[in-house]
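The next block holds one structure in the form of structure tokens; read it before the comments.
The chains referred to below are lettered A, B, ... by the order of the sequence lines, with proteins before strands, and numbering in each begins at 1. Basis for what follows: all heavy atoms, side chains included, without hydrogens, waters or symmetry-related copies. As the structure is a computational prediction, the values presented were derived from the model and not from experiment.
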Amino acid sequence: MMPIWTKSGKKHAVTLLKVQDCHVLRYISKEESGGKTSKLLVGGKNASPFFKSESAMKIFKEAGVPRKQKVATFNVTDDAIIKPGTPLYAAHFRPGQFVDVTAKTIGKGFQGVMKRWGFKGQPASHGQTKTHRRPGAISTNKAAKVYRGKKMPGKMGNIYRTSFGLKVWRINTKHDIIYINGSVPGHTNCLVKVRDSKLPTYKDCNKNPPFPTFFADGDEKLPEDLYDKEIFQFTDPSVTYA
Amino acid sequence: SCRISSDGKPAKFQPPPKPVIIDKQKQREERRFLSPEFIPPRGRTDPLKFYIERKDMIQRRKVFNIPEFYVGHVLAVTTADPYANEKANRFVGICIQRGGKGLGATFVLRNVIEGQGVEIRYELYSPRIQAIEVLKLEKRLDDNLMYLRDALPEYSTFDVNMKPVSHLDHEEIPVNKLQVRMKPKPWSKRWERPKYDIKGIKFELPEKKMKEAQKWSQPWLEFDMLREYDTSKIEEKIWKEVSEELKK
């Protein structure tokens, strides 16, 4: 994570995400998947082809791509279908866009009720017998049962969670790095799924995105760094309030 | 009439002593200073992240000059402030701490203004900073002068309109071996304890208290191999990279 300053002098914290060897693996049509839209399977980060069965490697062999460590599904409309085997780059996103980021949270293991659910526990003294971090009562007398989903101790973390509506501040096309506002679930160097935001406030925010994606061998030649218009670039002189 | 030695033979020719030439040019080049925020901390982050951050830091240094300074120097910093009269704010103070790595590097300046101690934390790479001037160059015995909060206020007062003291480029930065006198206890931190390892305080505590403070010493810490972080090679590489980029 890194600080970033706007032209008005305000500081924001930014997470850097690297797009490492992403390829489109397979196209699943609407009827085949049984959903409302067709799906595209995308794989990230190359991994070793050994230690995996032949059936698992089938998808990668058909796409003509080395084995990927993570495979994610994206719901796409029919006009945004991409041919399997095309590489995807960071320039697919543009500064000023809003994205949702999904990843597995840091695993904390078996945790008690105070850390896992934020319960208050009991006082440290004044006669408490062996009860300082316990949940206390778990149900009422009338219910005569414990409801399903009652917050209790258990394994915490290591589940998929999404951060919604994060702004993209800057894109580095040379190293394929996306600068995203705020924090993102997961530990450092973990694999993460970045998707255009589906929040209703950001429905019309992105104007002229690279559609269906950014092709490196196409005609468009982008500069090494793409900045949002409100970012303070370090080539400019210091900020003054006139 | 040559001098006759005790043996009776004439004295052997002694050549004159060779003059010692101090090459000031070489001395100037030998002193290299790499700002501590360039050195990456120990961790599992990808080195690519530090490389990209360094590019941004070097870019900022090309546009805005950040002088070489250590803890103990007296600096004057002008920041842009939308609510100030001239839209600019000037603060003079002694640097008591330099923290943070990469673009978020900070330094704290302390001064006593009209009897009230004031500490301000500035970010080195913030675009609101208009100028940083070094008024007085002097290193102190410690890396962290937080104990000035519990010292007598005369040690933290610096004149706001003080003139910059001149300093030649090739001379070494002088170390001020000042031992500071403290206010009576209680202090904000127990500075006499060995974990802070402070050499710049004149402790006027009784011997018994000093001996009791040594109970908290951890003499095994300096031999702990897992805590070792040798930055010499990393520093060399980064110094070469940074100096080449800045010369362009």
Proximal component of B:K55, with respect to chain A [non-hydrogen, under 4.5 Å]
side chain
Nearest heavy-atom approach of A:W5 to B:L103 is CH2-O, 3.6 Å
Can you check whether B:E53 reaches A:L16 side chain to side chain, under 4.5 Å on heavy atoms?
no
If contact means a heavy atom pair closer than 4.5 Å, which residues of residues 224-233 of chain A contact chain B?
A:E224, A:F232
Greatest number of heavy atom pairs closer than 4.5 Å to chain B - which of A:D236, A:T188, A:T235
A:T235
Can you say whether A:N172 sits under 4.5 Å from chain B via the side chain, the backbone, both, or neither, judging by heavy atoms?
side chain
Which atoms of B:S126 come close to chain A, meaning under 4.5 Å heavy atom to heavy atom: side chain ones, backbone ones, both, or neither?
both
Less than 4.5 Å to any heavy atom of chain B: does that hold for the side chain of A:I4, its backbone, both, or neither?
neither
Under 6.0 Å from the NZ atom of B:K62, do we count more than 12 heavy atoms belonging to anything else shown?
yes
Taking every heavy atom of B:D46 against every heavy atom of A:N189, the minimum-distance pair comes out as N-OD1, 4.1 Å
A:F50 atom CZ, neighbour heavy-atom count above 12 within 6.0 Å:
no
Near B:D159 CG, under 6.0 Å, is it more than 12 heavy atoms from other residues, nucleotides or ligands?
yes
Quick one: does A:T240's side chain get under 4.5 Å of B:Q130's, heavy atoms only?
yes
Is it the backbone or the side chain of A:K18 that comes under 4.5 Å from a heavy atom of chain B, or both, or neither?
side chain
I need the minimum non-hydrogen distance between B:Y125 and A:F234, along with the two atoms involved.
O-CE2, 4.0 Å
Residue part contacting chain A, namely of B:I52, when any heavy atom lies under 4.5 Å:
side chain
Given side chain to side chain contact (heavy atoms under 4.5 Å, CB included), test A:H187 with B:R44 step by step and report yes or no.
CA-CA 10 Å; A:H187 56 88; B:R44 294 160 83 189; over 6 Å; no
B:Y51 and A:H175 have their tightest heavy-atom pair at CE2-NE2, 4.1 Å
Let's go through A:S238 and B:R60 carefully: what are the C-alpha distance in whole Å and the side-chain angles of both, what is the deciding distance for side chain to side chain donor-acceptor pair (under 3.5 Å) to 0.1 Å, and is it a yes or a no?
CA-CA 9 Å; A:S238 302; B:R60 173 76 180 152; 3.2 Å; yes
